[in-house]
Structure formats: structure tokens, C-alpha cells
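Any value given below was found using the heavy atoms of this structure, including those in side chains, with hydrogens, waters and symmetry copies removed.
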Amino acid sequence: MKIINYNFYHRQSLTVVFLTHFKNGDIITTSESNNLTARLYYMVKGRAKVIFLSQEGQTNLIQFLKPNDWTGELEFLTTENTSKQVIAIGDTMCITIPNVLVNQYLLTNVDYLKKMNQYLTRKLLERTDMMIVGQSYPFKFRLASFILADTYRGEYSEPQAVVMAYLGISYRHLLNTYQQFEMAQLLIKVGRNRYRVNTAKLKQLAGKAISR
């Protein structure tokens, strides 16, 4: 695991770092954690999604996380004014770093702060690139990539309002594209807002955007 080789780790501090396993739908962390209860997570297996929770009870998907991503870092680096949850997609495993270790060793370590700054910059650029791609390619390519990222065990069931907000698309356009995917047998409807996914065909479609 690459994190163990990072030179900002104090050797004795590694004794309090441990692995945590999360099942599909488990909450990995929440922005409501404070500096005394928060933990820092480094994903080594699986996927997760970051959900924004509004005061009106609405949910918006902010981003997807994958192996080598950090989560929980903002609770230590700044004051969070928004309510967010990080939810596991499928079986997910993270290296868990207790707040004592973060406060005592990492926040005072220049190498760690430099790496975290590079990481946050990279995530911002990835988000910017995604917005640029969204303006450059037809919606079907973006939806295909989104469904692949959100699929678990061959099924996809993200609420339509969440998809619309994340991809910046209208309800009518989303439904029309779903219907096109069903006709092309990319999706098979198995229930209300639940689909079985033809992963191979969707990957081919999503890949066309990259090769264009």
C-alpha cells in the first residue's frame, strides 16, 4: 500500500493506522464530524460517492471517489459549512488514520501538506475537465460514464433528480436518453428507476467520447 511509504509518516504512528471495510451503502464519513471525532481515509479498494445534503432535504452528488483518493481531509484543513456524506459503492476498503495522528504528525508536516495541496489541486482540475467535456460531447457519452461509475453488481438506480443536478440536464432529456439506452439494450428496466446494466456495451459507448 503506497501510503505506508510516504516519508511524512512517523514510524511509531503507523501502529495506530488501520484498515476499515465498508459495504455497499455504508457511510464512510460525514462533514458533521469535528476535529475531535473526524478521521482521515485513504481509499485502497472500491468506490464511493460524495453527497451534498441541503437544508431542504435534497441530495446532490458532488463527485465519485476511487482508489488512491483521500476523504475526510477537509474536516482537518478547513471549516466545513456544508453537510456532506461519503457513501461506499460496493465493497470498499480504506486506510483509516485517527484524528490524533493527523493533528500530531500530519498537520505539522510540510511534506504531507504539500502532497495534500497537490491532491486537492488535481481533484479541482479533474472537476473542471469534466465540466469542459460536458460542453464538448453529446449527453449520451456523459450519461454512459456516469452509469458505469454508479453501477453496483450490474444494477443502477440513482434517483433522477440527482443525475439531473450532477450532469446539468433536463428531466425530459434524461428520460429520452434512458429510453434510447433501453432500445439499444444498454439498459434493461427491472423496476421503478432500477436498471440492469449492459456493462460491455456502455463501456464501448463511453469510450467513444475519449477517442473522439
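For the atom pair OG1 of Thr71 and CD of Gln63, the computed distance is 8.0 Å after rounding to the nearest 0.5 Å. Taken to the nearest 0.5 Å, the CG atom of Leu175 stands 5.0 Å off from the CD atom of Gln160. Distance check: Ile51 CD1 to Thr59 OG1 gives 6.0 Å after rounding to the nearest 0.5 Å. Atom-to-atom distance recorded for Thr29:OG1 and Phe22:CZ is 8.0 Å, nearest 0.5 angstrom. Note that CG of Leu124 and CZ of Arg127 are 10.0 Å apart. Values are rounded to the nearest 0.5 Å. We find the CE-CG distance between Met116 and Leu107 to be 9.0 Å, quoted to the nearest 0.5 Å.
Two residues are said to be in side-chain contact when any heavy atoms from C-beta on lie closer than 4.5 Å; Leu186 and Tyr195 fail this criterion. No side-chain heavy atom of Leu120 sits less than 4.5 Å from a side-chain heavy atom of Trp70. Side-chain contact between Tyr42 and Asn68: present, with at least one pair of heavy atoms (C-beta onward) separated by less than 4.5 Å. Two residues are said to be in side-chain contact when any heavy atoms from C-beta on lie closer than 4.5 Å; Leu187 and Ile147 meet this criterion. Between Leu19 and Ile95, the closest side-chain pair of non-hydrogen atoms falls below 4.5 Å. Under the 4.5 Å side-chain criterion, counting only non-hydrogen atoms from C-beta, Asn24 is not in contact with Arg153. Side-chain contact between Arg172 and Asn176 is present, with at least one heavy-atom pair separated by less than 4.5 Å. A heavy-atom distance below 4.5 Å is not found between the side chains of Ile188 and Asn198.
In terms of heavy atoms, Arg47 sits closest to Thr92 at O-OG1, 2.9 Å. Heavy-atom minimum distance, Ala48 versus Ile28: CB-CD1, 3.9 Å. Closest approach of Ile89 and Ala149 over heavy atoms only: CD1-O, 3.8 Å. Nearest heavy-atom pair across Gly72 and Leu40 is C-CD1, 4.0 Å. Contact detail for Asn60 and Ala165: the closest heavy-atom pair is OD1-CB, 3.2 Å. When all heavy atoms of Arg39 and Phe18 are compared, the closest pair comes out as NH1-CZ, 3.7 Å.
The number of heavy atoms from other shown groups lying within 6.0 Å of NZ (Lys114) does not exceed 12. Summarising the local packing, CD of Gln185 is surrounded by 12 or fewer heavy atoms from other residues, nucleotides or ligands at distances under 6.0 Å. Heavy-atom contacts from other residues, nucleotides or ligands closer than 6.0 Å to OH of Tyr119 number more than 12.
Grouping the Ile, Leu, Val, Met, Phe, Trp and Tyr side chains by contacts below 4.5 angstrom, directly or via other members, places Leu113 with Leu106.
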Salt bridge (charged side-chain N to carboxylate O under 4.0 Å, His left out) between Lys189 and Glu182, worked out: CA-CA 7 Å; Lys189 196 164 188 177; Glu182 289 183 70; 5.4 Å; no

Residues Tyr178, Leu143; criterion side chain to side chain contact (heavy atoms under 4.5 Å, CB included); working and verdict: CA-CA 9 Å; Tyr178 277 154; Leu143 181 60; 4.1 Å; yes

Criterion side chain to side chain contact (heavy atoms under 4.5 Å, CB included) on Val163 and Tyr156, from CA distance to verdict: CA-CA 12 Å; Val163 183; Tyr156 163 78; 3.3 Å; yes

Verdict with supporting geometry, Leu205 and Lys201, side chain to side chain contact (heavy atoms under 4.5 Å, CB included): CA-CA 6 Å; Leu205 179 61; Lys201 284 190 174 182; over 6 Å; no

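The only member of Thr30, Ile62, Leu53 that meets side-chain contact (heavy atoms from CB on, under 4.5 Å) when paired with Lys84 is Ile62.
Judged purely by atom type and a 3.5 angstrom limit, Asn193 uses its side chain to pair as donor or acceptor with the backbone of Glu158.
The aromatic rings of Phe146 and Phe64 sit perpendicular, their planes meeting at an angle over 60°, well past the 30° parallel limit.
Side chain to side chain, Tyr41 and Asp69 fail the donor-acceptor criterion of an N or O pair below 3.5 Å.
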